[in-house]
Amino acid sequence: MMDGSSEVIRQRREKAKALTDRGVDLYPNDFKVSHRVEDVRQSIARQGEGVDDTAPFAMAGRIIMLRSFGKAAFLHFRDHTGQLQAYVKQDEVGEEAYGLFKQLDVGDFIGIRGTLFQTKTGEWTLLAKKIRLLCKAMRPLPEKFHGLRDPEKRYRQRYLDLIMNPSVRKVFVTRARIIQAFRDFLLERGFLEVETPMMQPIPGGAEATPFQTFHNALGMNLFLRVAPELYLKRLVIGGIDRVFEINRSFRNEGVSTRHNPEFTMLEFYLAYATYEDLMTLTEETLRFVTQQVLGVTHFSYQGSNINMDGPWARLTLEQALNELGGVDPSLLNDRQGLLALAKSKGIEIKKGRRRGKILTKLFDALVEPKLIAPTFVVDYPVEVSPLARRSRLEPDMAERFELFIAGSEIANGFSELNDPVDQKRRFLDQVADRQDGDEEAHYMDEDYVTALEYGMPPTAGEGVGIDRFVMLLTDAPSIREVILFPLLKNIRH
RNA sequence: GGGCCGUUAACUCAGUCGGUAGAGUAUCUGCCUUUUAAGCAGAGAGCCGCUGGUUCGAGUCCAGCACGGCCCA
């Protein structure tokens, strides 16, 4: 258990004490590394049989496997770039050093000076001339064959997960490459990357419940942002007319396989563009990232084959509800009828919700799981899109789309509302919704309206759920598999 | 918030009808100087998630709680 009194841990402590008693420093920091495992692999690949077997190497890493004989041993050690076998024998290191070496365990960090040779099976191996302890591990690693499986331990002690499960490490390398590919794509097109406040006096930019906090010195309530949107648009007003941010937002909601209270979003804004332009750009971006990371533009996600080649399907919200959700078109403008339908499907709609909200709730339950191939859903009611521009043809509709892949919302974008008078009216509607008990409704943001009054060029903007997209490209069944330290409850005793 | 499932050695897991705790790996001891989940022989290791209840007796049955997983809202 975690109290450290188990037999294995007691034995480690005794070994550590025995080493200390013999004058061994358990935690030195003066070992200089000349080569990483990757360097050795590359040099072998380059030189093949011609590798110089007298060249000295100084290498370091964690012992991850140890096969010990009487007076010799094979071990595998690992650094960030890979793992390599080493051979330690008494004839080479001497009796004294070999005696100390016998006290080392799997999990300890070591430094080895030696030369390369091939074993009789042809495996390139570091023959130790000198071996040193660099850090004593006081707890044993999980078992080598089955690894660490308990999901709770994997998340709470992610370092063990990373040591024991190579596929986990691969997921997070892929995650980093995905983010890099998004960044490369946008920088290439002249976007400026910025950072805007995560602590906001008025939370805005999404319909979501915020976390609240308090600044002591300023005596000021603050919210963790639910989206960076309103700040990024202030930057567009300030003349940065291609701008993006990749960072955390926070929503005070339950956790699930698709929701973590803190999550990573890409938001970008492009002036002189419309939501139509944005859909085209979204296809290009996501195809580019997929191609960069996977080398192809198709992949399998949880048994579904996903092809990112375009053009992607486009459906209006009402079409989707009708054709995929089986909602009778005559009901679409009948609030009472929609409420009855929701009730019959077991979908909870809180009191006083307007028609648009009911439509999107029905959509989430009846349509979203069916949108497997990349699909844009367009034409959302204005009342659920308080920051989006009205359609010129249908003023009750917003120029807005959401992108769905594998039954999951991946992106949300629209032509931005830049009419300050309309924006103020929309905020007032949201305030009314909030008074009707909708905790997710927007707050009034007078300062943002003032900013709009200075003039924002016609602009289109979008948010992309990075964690969800990483799930797709890594075939992860849960968002916790793509977040290094997902939020878990404290263990109470 | 609701439903179902899980929690046993450091790790991965068994544990029958309620009868006093098992395996593999790891660890420890001995042997072993080219192994590949090394091998052979031996040994030690447990708050059975927590609290209560039923019972002569609970890992096992019941209730509550905690944490986790999946599904639903």
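Residue numbers begin at 1 in each chain, while the letters A, B, ... track the order of the sequences.
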Taking the same atom, [atom1], in [N] and in [M], what whole-Å distance lies between them?
| N | M | atom1 | value |
| --- | --- | --- | --- |
| rC47(B) | rA10(B) | P | 7 Å |
| rU51(B) | rA58(B) | P | 14 Å |
| rG30(B) | rC70(B) | P | 46 Å |
| rA21(B) | rA38(B) | C1' | 31 Å |
| rG22(B) | rU16(B) | C1' | 13 Å |
| rC67(B) | rA23(B) | P | 34 Å |

Q. Cationic tip of R400(A) within the cone over Y380(A)'s six-membered ring, i.e. under 6.0 Å and within 45° of the normal?
A. yes
Q. Do we get R434(A) above Y443(A)'s six-membered ring, with its NZ or CZ under 6.0 Å from the centre and within 45° of the axis?
A. yes
Applying a 4.0 Å non-hydrogen cut-off, can you work out what [X] is touching in the nucleic acid: base, sugar-phosphate, or nothing?
| X | value |
| --- | --- |
| M65(A) | sugar-phosphate |
| R154(A) | nothing |
| L488(A) | sugar-phosphate |
| S478(A) | sugar-phosphate |
| K350(A) | nothing |
| G147(A) | sugar-phosphate |
| R156(A) | sugar-phosphate |
| Y98(A) | nothing |
| T257(A) | sugar-phosphate |

Need the pair for [N]. Rule: Watson-Crick or G-U wobble, both distances under 3.5 Å, any strand; none if unpaired.
| N | value |
| --- | --- |
| rG1(B) | rC72(B) |
| rU20(B) | none |
| rA38(B) | none |
| rC65(B) | rG49(B) |

Whole-Å distance between [N] [atom2] and [X] [atom1]?
| X | N | atom1 | atom2 | result |
| --- | --- | --- | --- | --- |
| W124(A) | rU36(B) | CH2 | C1' | 18 Å |
| D105(A) | rA26(B) | CG | P | 13 Å |
| D150(A) | rA9(B) | CG | C1' | 15 Å |
| L66(A) | rU25(B) | CG | P | 16 Å |
| L366(A) | rA73(B) | CG | C1' | 14 Å |
| D161(A) | rG68(B) | CG | P | 16 Å |
| K71(A) | rA38(B) | NZ | P | 21 Å |
| E348(A) | rA73(B) | CD | P | 10 Å |

Any side-chain N or O of [X] under 4.0 Å from OP1/OP2 of [N]?
| X | N | answer |
| --- | --- | --- |
| K489(A) | rA66(B) | no |
| K144(A) | rA26(B) | yes |
| R67(A) | rA38(B) | yes |
| K361(A) | rA73(B) | no |
| K120(A) | rU33(B) | no |

Nearest to the side chain of [X], heavy atoms from C-beta on, is which of [options]?
| X | options | result |
| --- | --- | --- |
| R149(A) | rG68(B), rU34(B), rU12(B) | rU12(B) |
| P142(A) | rC11(B), rU36(B), rU33(B) | rC11(B) |
| F69(A) | rG69(B), rA45(B), rU34(B) | rU34(B) |
| E7(A) | rG69(B), rU33(B), rG44(B) | rG44(B) |
| H146(A) | rU35(B), rG24(B), rG68(B) | rG24(B) |
| A72(A) | rU33(B), rU35(B), rA38(B) | rU33(B) |
| T119(A) | rU33(B), rA10(B), rU35(B) | rU35(B) |
| Y155(A) | rG69(B), rU36(B), rU33(B) | rG69(B) |
| S6(A) | rU25(B), rA10(B), rG69(B) | rA10(B) |

(Q) Quick check: any donor-acceptor pair below 3.5 Å linking the side-chain of E152(A) to the base of rU7(B)? (A) no
Q. Side-chain donor or acceptor of E123(A) under 3.5 Å from a matching atom on the base of rU34(B)?
A. no
Q. If you look at every heavy atom in A476(A) and V482(A), which pair is closest and at what distance?
A. CB-CG1, 3.8 Å
Q | Nearest heavy atoms of I112(A) and A86(A), plus distance in Å | A | CD1-CB, 3.6 Å
Q: Could you tell me whether E318(A) and R355(A) make a salt bridge, using a distance below 4.0 angstrom between a side-chain N and a carboxylate O?
A: yes
**Q.** Pair K17(A) + D21(A): basic N to acidic O under 4.0 Å
**A.** yes
Q | Residue mapping more 5' on RNA chain B - nearest nucleotide basis, P151(A) or V106(A) | A | V106(A)
**Q.** Earlier contact from the 5' end, RNA chain B, for V255(A) and R480(A)
**A.** R480(A)
Q) Does rU35(B) have F74(A) stacked on its base, where the ring centres are within less than 5.5 Å and the planes differ by under 30°? A) yes
Q) How about D108(A) and R62(A): do any of their side-chain heavy atoms sit closer than 4.5 Å? A) no
Q) Would you say P374(A) and I306(A) make side-chain contact, with heavy atoms under 4.5 Å? A) yes
Q.
Classify the ring geometry of H35(A) against F57(A): parallel below 30°, tilted from 30° to 60°, perpendicular beyond 60°.
A. tilted
